[in-house]
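Structure first, commentary second.
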Amino acid sequence: MRQDATTPPEATEPRDRTDGVLQRRFGPKGDDGARRPDAKSTGFGRVIIAIYGIFALSAGVRSAYQIAMQFGVAPLAYLLSLFSAVVYVLAAVALTRRGAAWHRVASAAVVVELAGVLGIGLWTYLAPDLFADETVWSHFGQGYGFIPLVLPVVGLLWLWRTRPNREPAVLHPEDKEHA
């Protein structure tokens with residue numbers, strides 16, 4: 001492409017056709033050209049997202065099968081398992097999305113999950129006759145190695161650590177010499 005007075009210099013450089021698609025798909029780039037990741041979905045956050053995805057899939061498939069094939073046996077337990085699957089899906093999706101609004105959605109989903117695990121876990125001990133079959137959150141997630149009890153606590157700690165309005169550490173003047 002020829003450059004004239006009306007053509008900006010960057011228009012003469014070869015451009016990858018996928019640049020716009022990648023920009024929309026993976027988010028805006030920083031000043032250095034690298035993608036600016038959302039802290040909650042990087043590093044350890046990816047492990048948390050994977051666990052939420054696995055729980056969403058396992059709780060969803062299990063509850064869908066139970067509702068379809070044996071709903072009359074334990075309707076409360078199966079509906080609660082379906083609800084837990086929806087919470088896991090929402091948490092997993094919200095953890096992968098960028099921005100403060102999605103951070104709040106993820107936080108709300110994880111708080112609902114924690115309340116569900118604690119409430120259903122306690123309820124299954126206080127009124128076991130209401131639960132003819134187990135839910136994901138029965139007995140505080142005992143059937144799943146208590147991961148349903150630990151996961152929301154870890155998730156909330158991670159969300160707190162990666163909150164979008166978190167102030168960066170401020171160095172005091174005497175600390176700048178050592179930085």
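In this chain, numbering begins with 1 at the start of the sequence shown.
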(message) Please check: side-chain N/O of R163 versus main-chain N/O of W160, any donor-acceptor pairing under 3.5 Å?
(response) yes
(request) Answer yes if L130 and V117 sit in the same cluster of Ile, Leu, Val, Met, Phe, Trp and Tyr residues linked by side chain heavy atoms under 4.5 Å apart, and no otherwise. (result) yes
(request) Report yes if some heavy atom in the side chain of Y144 is under 4.5 Å from a heavy atom in the side chain of F55; otherwise report no. (result) yes
(request) Could you tell me the separation between the CG atom of D133 and the OG atom of S138, rounded to the nearest 0.5 Å? (result) 8.0 Å
(message) Would the distance check show the side chain of H103 and the main-chain N or O of R98 forming a donor-acceptor pair, the cut-off being under 3.5 Å?
(response) no
(request) Consider only side-chain heavy atoms of I, L, V, M, F, W and Y, link residues closer than 4.5 Å, and tell whether V112 and V136 are in one cluster. (result) yes
(message) Are L149 and L118 packed together at the side-chain level, in the sense that at least one heavy-atom pair is separated by less than 4.5 angstrom?
(response) yes
(message) Using the rule that Ile, Leu, Val, Met, Phe, Trp and Tyr join whenever any side-chain heavy atoms are under 4.5 Å apart, tell me whether I54 and V153 fall into a single cluster.
(response) no
(message) Taking atom OH as the centre, does Y65 end up with more than 12 heavy-atom neighbours from other residues, nucleotides or ligands that are less than 6.0 angstrom away?
(response) no
(message) Out of the candidates I48, V47, I51, I147, only one should pair with V154 under the side-chain contact (heavy atoms from CB on, under 4.5 Å) rule; please name it.
(response) I48
(message) Which residue is it: L90, T162, V105, I49? I am looking for the one with a side-chain contact (heavy atoms from CB on, under 4.5 Å) to L95.
(response) I49
(request) Could you grab the distance from atom CZ of F146 to atom CG of L151, nearest 0.5 Å is fine? (result) 14.5 Å
(request) Give the other cluster members for L57, using side-chain heavy-atom distances under 4.5 Å between Ile, Leu, Val, Met, Phe, Trp and Tyr residues; answer none if it is isolated. (result) V61
(request) For the pair S81 (side chain) and Y78 (backbone), establish whether a donor and an acceptor sit closer than 3.5 Å, ignoring hydrogens and angles. (result) no
(message) Taking the side chain as everything from C-beta on, heavy atoms only, tell me whether V110 gets closer than 4.5 Å to W158.
(response) no
(request) Establish whether I120 and I67 are linked, either directly or via other cluster members, by ILVMFWY side-chain heavy-atom contacts under 4.5 Å. (result) no
(request) Would you indicate whether the side-chain heavy atoms of Y88 and P148 approach each other to under 4.5 Å? (result) yes
(message) Please give me the minimum heavy-atom distance between Y52 and A92, naming the atom from each residue.
(response) CB-CB, 3.8 Å
(request) Flag yes if V89 and L80 sit in one hydrophobic cluster, no otherwise; membership is Ile, Leu, Val, Met, Phe, Trp, Tyr, and two members link when side-chain heavy atoms are under 4.5 Å apart. (result) no
(message) Looking at every heavy atom in both A85 and A56, which two are closest together, and how far apart are they?
(response) CB-O, 4.0 Å
(request) Of all the heavy-atom pairs spanning A59 and S84, show the shortest one and how long it is. (result) CB-OG, 4.0 Å
(request) Taking all non-hydrogen atoms of both residues into account, name the closest pair between L156 and S107 and its distance. (result) CD2-O, 4.1 Å
(message) Can a donor-acceptor pair be found, under 3.5 Å and without considering hydrogens, that links the side chain of T124 to the backbone of H139?
(response) yes
(message) I want to check something: taking the side chain as every heavy atom from C-beta on, are Y125 and F131 in contact at a cut-off of under 4.5 Å?
(response) no
(message) Just so I know, are the side chains of L76 and W123 near enough to count as touching, which here means a heavy-atom distance under 4.5 Å?
(response) yes
